Amino acid sequence: MRYPDGGGLTAKQRAVREQVRFEAAELFAQGVTPPQVARRLRVSRKSAYAWHARWREGGVQALRSKGPSGRPSRMRPHWRTWLAAELEKGPAAHGWVEDQRWTLARVATMIARRFHVRFSTAQTWRILHQMGFTVQVPQRRAAERDEDAVATWLKETWPRVEKTVRDQDAWLCFADESGQVLRPPKARTWSRRGHTPRVSVRGSGSGRISLVGVVCRRRGHRTRLIFRMLVHHGRKGERKGFREKDFAVLLDAVHQQLGGPIVLVWDNYTHHVDAAMRELIAARSWLTVFRFPSYTPDLNPAEGVWSHLKHSLGNLAPCSLDELAALARTRLKRMQYQPGLLDGFIAETGLTPAPP
């Protein structure tokens, strides 16, 4: 990438620009004209002629970088270190409790409070970009999440899970539930500038499909996905979701398909931890169960399955509940034949297997 003349360049960019000027000097020495140099180096003719004039007067030394142009920045290096740490704490730590957004005005105010120097919004934007900060859409995270409990689980419980898997030569399985209604998730699409695209969806109607999936991994075997679906049309007497016996039947099917012991990790959903489920688990000697900390969907690879499924159903045209169930089943079966994709869902959680 070629950079235009002028200030605002970083030290790395100035070094790259200086190297381009040195290349131009070599071409000038060979008798290449400024317009030809401009074409070869992909720079403007104005820059090529200016470099040629400086080269004729002072040679290669005249093309060396003179350092950053303009006045020195008022933003000291140790200020940037402090600012990065404070931004990680969030706006609420600095008195903005009405929302959790960092704006340029708030950042400038925070700097002024600490160092008694006021930067404009344009200067603040430039400072943040130089520090590696960009405008991003945040991920949602439950306020009830206990980060200390998560850290303790990763440090203490996860090694126990891996040890149990190694000792039993078992399948490591991650289970989770999800659901989908006829109103599809939004997805990006092309449209004429200034005209927001519209997607027709069902505004009324009842019913949903309930899903439960198990992502299964074992060393030396391809990663597997096993799922079950329940369609609820909103009729009287229909089951609305999976209960303890349904989970037990699914686990029996998983054990029959995989063969060998199973180490299951899932969340603290009511039907996972009640007395009926504990009794069903105790009756299966081949099953060992661990539980994730509360509010940690980012640790469960099965969440990646649901995210991928819902992304594929984006902007879905109106259809019946049975058609939606057929589409979801097709998408999930397609994932069953993509073990690399399932491995990616596991890698995304950071729960990478320890060396044997």
Side-chain angles (χ1 to χ4, degrees), residues 153-178 210-230 242-269 271-293 296-309 328-329 331-356:
W153 189 90
L154 291 172
K155 182 179 179 181
E156 299 178 1
T157 305
W158 177 243
R160 287 171 46 210
V161 173
E162 292 192 303
K163 184 178 184 302
T164 304
V165 170
R166 290 193 301 269
D167 292 346
Q168 299 182 8
D169 191 23
W171 284 86
L172 175 60
C173 299
F174 303 92
D176 191 47
E177 298 82 46
S178 182
S210 297
L211 297 161
V212 57
V214 185
V215 178
C216 313
R217 183 187 72 188
R218 186 179 185 183
R219 191 180 302 276
H221 295 72
R222 69 179 181 89
T223 305
R224 305 279 294 275
L225 169 63
I226 301 172
F227 69 92
R228 291 293 184 272
M229 179 183 299
L230 180 66
F242 293 93
R243 302 300 297 267
E244 294 86 350
K245 290 184 178 179
D246 300 311
F247 292 129
V249 171
L250 171 62
L251 293 174
D252 289 337
V254 171
H255 179 239
Q256 184 177 5
Q257 290 187 41
L258 300 179
I262 291 176
V263 175
L264 176 67
V265 188
W266 59 6
D267 58 22
N268 293 283
Y269 177 52
H271 297 309
H272 295 173
V273 300
D274 59 17
M277 193 71 240
R278 291 198 301 270
E279 183 178 348
L280 291 170
I281 292 173
R284 289 158 173 80
S285 59
W286 43 265
L287 179 63
T288 305
V289 176
F290 293 87
R291 295 185 177 87
F292 287 113
T296 53
D298 53 304
L299 295 179
N300 195 339
E303 290 285 349
V305 174
W306 309 138
S307 177
H308 190 79
L309 171 64
R329 185 177 292 107
R331 303 292 197 275
L332 290 169
K333 285 185 176 180
R334 189 179 300 167
M335 279 188 259
Q336 288 180 323
Y337 292 95
Q338 296 177 286
L341 178 63
L342 301 176
D343 290 334
F345 296 149
I346 298 175
E348 189 178 20
T349 67
L351 301 179
T352 55

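What you see is a predicted model; the values in this text were computed from it and never measured.
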Relative to each other, are the rings of W266 and H272 parallel, tilted or perpendicular (30° and 60° limits)?
parallel

Discussion item. Are the side chains of D252 and R284 in contact, using a 4.5 Å heavy-atom criterion?
Written reply: yes

Is W286 reaching over with its side chain to a backbone N or O of A170, donor-acceptor style, under 3.5 angstrom? no

Item checked: Backbone of V273 reached by a side-chain donor or acceptor of R278 within 3.5 Å -> yes

Tightest non-hydrogen contact, residues L351 and F292, listed as CD1-CE2, 4.3 Å

Distance col, row L342:CG vs F174:CZ, nearest 0.5 angstrom, shows 12.0 Å

Worksheet item: Distance-only, no hydrogens or angles: does the N300 side chain make a donor-acceptor pair with backbone N or O of A175 under 3.5 Å?
Response: yes

Interatomic distance, CZ@R329 vs CZ@R228, rounded to 0.5 Å, equals 10.5 Å

Closest non-hydrogen contact found for A302 with D176 is CB-CB, 3.5 Å

Any side-chain heavy-atom pair from W153 and L299 closer than 4.5 angstrom? yes

Is the closest side-chain heavy-atom distance between I226 and L250 below 4.5 Å?
yes

Could you walk me through whether L230 and D246 pass the side chain to side chain contact (heavy atoms under 4.5 Å, CB included) test, one step at a time?
CA-CA 10 Å; L230 180 66; D246 300 311; 5.8 Å; no

- Task: Start with the C-alpha gap between L258 and C173, add the side-chain angles, then the distance that decides, and say whether side chain to side chain contact (heavy atoms under 4.5 Å, CB included) holds.
- Result: CA-CA 11 Å; L258 300 179; C173 299; 4.1 Å; yes

Q) Any side-chain heavy atom of M335 within less than 4.5 Å of one from L341? A) yes

So the side-chain hydrogen bond (donor to acceptor under 3.5 Å, both in side chains) pairs with at least one residue in residues 332-341 (sequence neighbours excluded) are none

For the backbone of T164 and the side chain of D167, can you confirm whether one donor and one acceptor N or O come within less than 3.5 Å of each other? no

The reported gap from CD in E244 to CG in D274 (rounded to nearest 0.5 angstrom) is 4.0 Å

dist T349:OG1 -> E303:CD (nearest 0.5 Å) comes out at 11.5 Å

For F227, the ring-ring contact (aromatic ring centres under 6.0 Å, His included) test, sequence neighbours excluded, returns none

Does a side-chain heavy-atom distance below 4.5 Å link F242 with Y269?
no

**Full working for salt bridge (Lys or Arg N to Asp or Glu O under 4.0 Å) between R218 and D169** = CA-CA 8 Å; R218 186 179 185 183; D169 191 23; 3.0 Å; yes

Taking the side chain as C-beta and beyond, is there a heavy-atom pair between F290 and T157 under 4.5 Å?
yes

So CZ of R291 and CG of N268: to nearest 0.5 Å the spacing works out to 6.5 Å

**Asked** Is the shortest heavy-atom distance from the side chain of L211 to the side chain of L332 under 4.5 Å?
**Response** yes

CD1 of I346 to CG of L172, rounded to nearest 0.5 Å, is 7.0 Å

Q | L251 vs I262 side-chain heavy atoms within contact, under 4.5 Å | A | no

Residues passing the ring-ring contact (aromatic ring centres under 6.0 Å, His included) test with W306, sequence neighbours excluded, are none

Determine, stepwise, if the pair E177 / H271 fulfils side chain to side chain contact (heavy atoms under 4.5 Å, CB included).
CA-CA 11 Å; E177 298 82 46; H271 297 309; over 6 Å; no

